[in-house]
S.K.: 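The structure is given below, and queries will be raised subsequently.
The basis for the numbers below is simple: all heavy atoms, side chains too, and nothing from hydrogens, waters or symmetry mates. Naming convention: chains lettered A, B, ... in sequence-line order (proteins, then strands); numbering from 1 in each chain.
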2 protein chains.
Amino acid sequence: MGNDSQNRNNSRATWIGVRDAIHARILCRDYGPGARLPRDEELAEQFGCARTTVQRAMRDLQDKGLIERRRKGGTWVRQHPVTRATFEIPVIRQEVEEKGRTYGYQLVHQEVAQPPLDVQANFGSWAAGPMLQVQAIHLADHRPYVYEDRWVCLQTVPDIREADLQRESANEWLVRHQHYDRLDLRIYARKATERDAGLMGIAGGEALLVLERTTWIDQRLITSVRSITRPDYQLVAST
Amino acid sequence: MGNDSQNRNNSRATWIGVRDAIHARILCRDYGPGARLPRDEELAEQFGCARTTVQRAMRDLQDKGLIERRRKGGTWVRQHPVTRATFEIPVIRQEVEEKGRTYGYQLVHQEVAQPPLDVQANFGSWAAGPMLQVQAIHLADHRPYVYEDRWVCLQTVPDIREADLQRESANEWLVRHQHYDRLDLRIYARKATERDAGLMGIAGGEALLVLERTTWIDQRLITSVRSITRPDYQLVAST
DNA sequence: GAGTGGTCTAGACCACGGC
DNA sequence: CCGTGGTCTAGACCACTCG
């Protein structure tokens, strides 16, 4: 280890090379926590590359939460690097099928109603009128996999009235018919109620992972869904 | 809505403008799921900007999971857009103090031992020797907030033997002395054992959110920690 | 082989935000 | 005000991968 630094060879510097070199300097405390890094232009000279290339490298380090940049303020090594991890949450059918299991779906309940306050809490300042509530179970190999309790905004997505939610899950219908441009996600654990237990085929009082997702388009509410997973469900992310 | 498309004004196109215009075309199904987008160069002509600018816009859409790009293959709208959400997991002291609460810390147990198999499962092919086990509680306003059960690799981080873990948590010591370049994260729910309950000051059988983090540097294991949070703990992310 | 995205450059101007 | 990062450009070459 420890070549890096200047671009001594005639080989052209790549932004990944520059990024790793700077990363290394941070790790070995050449640039310690709270330290200020040289200006992009100066680093570009050091590495014998264009300023754009340094910029590209810096953006990556910034996305990783390692540094902070501000115009005029310059670039700084973060005092307390945050851990940033990105999860991918696929469409449930796809997730099941990619595991080589058989996907199934069952509608449990559907009605137009006023969402309760704990659901409305996810809506921010959005004034909720009556919404379509859809409760359904996604199955993997004919056994409960995820139970979802969803509220769909009929004002934003009126066409869903025409959808046949016996056949196709609201999850998939929405993916095909209504994209979103903002997503709020909340994850927590809670004990399975007797109803949960019956639906999921587990014992009451089990610990369940709950995902609450609310999506928006153009500031307008699309849907808010609370997904309850089986006790053995895990979310996995890397770097 | 709905101007966009060509850059009719003399105003210079920004990559954000280009991104939003393309995003809009995807939303309104000008480019529907599975459709192929024009080549970057052609889009650049359409928008009256440089190809670099289109690239920048495309990278953003790609990061959001909306499109796929391949050399020679071109750019495609994803059939099933994945939901990508990024969490920030701060140093616990900081998290507590930012909420305006008083941070506290208490060491529960510390010894050198062989990690059990369920911990080693996080190590991949890494052959674990004896490691330093550190169990500790983080407090907020003098009440249990997070309990962590940590294993530190003495081979990779020998200096931690010198640390005074009565005073400073291994969490903070490691943040200051040992950066990582890879992180694996696993999140799930589990019932509180009697021991958990006693430590966290809650009832047995409560549902707890568990975070397992394993970090690495240069392919070498640094630490693996299982953090148990209070039942009311939530992870929150926004697109 | 050839088409497409990925990267690099050198230079210009802009926008934010300390001083 | 003015230093610093952010963006845009036009053009060149490279690298992957599909046919």
Side-chain angles (χ1 to χ4, degrees), chain A residues 4-23 25-26 31 34-79 81, chain B residues 4-23 25-26 31 34-79 81:
Chain A
D4 68 89
S5 298
Q6 277 87 347
N7 180 24
R8 300 196 183 84
N9 340 344
N10 343 4
S11 73
R12 179 181 270 175
T14 70
W15 70 267
I16 292 188
V18 172
R19 177 198 64 187
D20 291 347
I22 295 174
H23 191 175
R25 291 185 190 178
I26 292 174
Y31 305 138
R36 178 175 182 172
L37 272 66
R39 303 174 4 250
D40 290 5
E41 195 177 350
E42 189 178 325
L43 287 168
E45 284 172 25
Q46 282 185 32
F47 289 106
C49 68
R51 188 160 75 88
T52 323
T53 305
V54 173
Q55 256 253 2
R56 182 76 178 82
M58 289 297 199
R59 194 182 328 131
D60 207 56
L61 293 171
Q62 188 176 27
D63 288 345
K64 285 185 179 158
L66 252 120
I67 60 174
E68 277 181 357
R69 318 191 82 202
R70 251 167 308 157
R71 285 161 148 141
K72 166 76 180 178
T75 303
W76 302 79
V77 181
R78 290 185 76 129
Q79 283 284 359
Chain B
D4 67 88
S5 296
Q6 277 87 346
N7 180 23
R8 300 195 182 85
N9 339 344
N10 345 2
S11 73
R12 179 181 268 174
T14 70
W15 70 267
I16 291 188
V18 172
R19 177 198 64 187
D20 292 347
I22 295 174
H23 191 175
R25 291 185 190 179
I26 293 174
Y31 306 139
R36 179 176 182 169
L37 273 66
R39 304 174 3 251
D40 289 6
E41 195 178 349
E42 189 179 324
L43 287 168
E45 285 172 25
Q46 283 184 30
F47 289 107
C49 67
R51 187 159 74 88
T52 324
T53 305
V54 174
Q55 256 254 359
R56 181 76 178 83
M58 289 297 199
R59 194 184 325 130
D60 207 55
L61 293 171
Q62 189 175 29
D63 288 345
K64 285 186 179 158
L66 251 118
I67 59 174
E68 277 181 358
R69 317 191 82 203
R70 250 167 308 155
R71 284 158 148 142
K72 165 76 181 178
T75 304
W76 302 78
V77 182
R78 290 185 74 130
Q79 284 284 1

S.K.: Under a 4.5 Å cut-off applied to non-hydrogen side-chain atoms, are B/Ile16 and B/Asp60 in contact?
M.R.: no
S.K.: To the nearest angstrom, how far is A/Arg56 atom CZ from D/dG5 atom C1'?
M.R.: 16 Å
S.K.: What does A/Gln55 touch in the nucleic acid at a heavy-atom separation under 4.0 angstrom: a base, only the sugar-phosphate, or nothing?
M.R.: base
S.K.: On DNA chain C, does the nearest nucleotide to B/Leu37 precede the nearest nucleotide to A/Thr52 from the 5' side, or the other way round? Give the residue.
M.R.: B/Leu37
S.K.: Rounding to a whole Å, what distance do you find between A/Met58:CE and D/dT7:C1'?
M.R.: 17 Å
S.K.: On the nucleotide C/dG6, are OP1 or OP2 found under 4.0 Å from the side-chain N or O atoms that B/Arg69 carries?
M.R.: yes
S.K.: Atom CZ of A/Arg19 to atom C1' of C/dT7: distance rounded to whole Å?
M.R.: 14 Å
S.K.: Between A/Glu42 (CD) and D/dG3 (C1'), how many Å, whole number?
M.R.: 14 Å
S.K.: Confirm from the modelled atom types if B/Arg51 and C/dG6 form a donor-acceptor pair under 3.5 Å, side chain to base only.
M.R.: yes
S.K.: Tell me the interatomic distance from A/Ile22, atom CD1, to D/dG5, atom P, rounded to whole angstroms.
M.R.: 11 Å
S.K.: With heavy atoms under 4.0 Å as the rule, sort A/Arg59 into base, sugar-phosphate or nothing.
M.R.: nothing
S.K.: Just to confirm, is there a sub-4.0 Å distance from OP1 or OP2 of D/dT9 to any side-chain nitrogen or oxygen of B/Thr53?
M.R.: yes
S.K.: Just how far, in rounded Å, is P of D/dC16 from CD of B/Glu68?
M.R.: 18 Å
S.K.: If you take all heavy atoms of A/Arg25 and A/Leu43, which pair is closest and at what distance?
M.R.: NH1-CD2, 4.0 Å
S.K.: Take A/Lys72 and B/Gly73, find for each the nucleotide of DNA chain C with the closest heavy atom, and name the residue whose nucleotide sits nearer the 5' end.
M.R.: B/Gly73
S.K.: On the nucleotide D/dC18, are OP1 or OP2 found under 4.0 Å from the side-chain N or O atoms that B/Arg70 carries?
M.R.: yes
S.K.: Have a look at A/Gly74 and say if it touches a base, only the backbone sugar-phosphate, or nothing, with a 4.0 Å heavy-atom cut-off.
M.R.: sugar-phosphate
S.K.: Over how many whole Å does the gap from B/Ile16 atom CD1 to C/dC14 atom P extend?
M.R.: 18 Å
S.K.: Does A/Thr75 put a side-chain nitrogen or oxygen below 4.0 Å from OP1 or OP2 of D/dG5?
M.R.: yes
S.K.: For B/Arg69 and B/Asp40, what are the C-alpha separation, side-chain angles and deciding distance, and is it a salt bridge (charged side-chain N to carboxylate O under 4.0 Å, His left out)?
M.R.: CA-CA 11 Å; B/Arg69 317 191 82 203; B/Asp40 289 6; 2.3 Å; yes
S.K.: In terms of side-chain heavy atoms of B/Asp40, which of C/dG5, C/dA2, C/dT9 is nearest?
M.R.: C/dG5
S.K.: Measure across B/Thr53 and B/Ala13 and return the closest heavy-atom pair with its distance rounded to 0.1 Å.
M.R.: CG2-O, 4.4 Å
S.K.: Expressed as a whole number of angstroms, how long is the span from A/Arg36:CZ to C/dG18:P?
M.R.: 11 Å
S.K.: With side chains defined as the heavy atoms from C-beta onward, is the minimum distance between B/Val54 and B/Arg19 less than 4.5 Å?
M.R.: no
S.K.: Report yes if a side-chain nitrogen or oxygen of A/Arg71 is closer than 4.0 Å to either non-bridging phosphate oxygen (OP1 or OP2) of D/dG6; otherwise report no.
M.R.: no
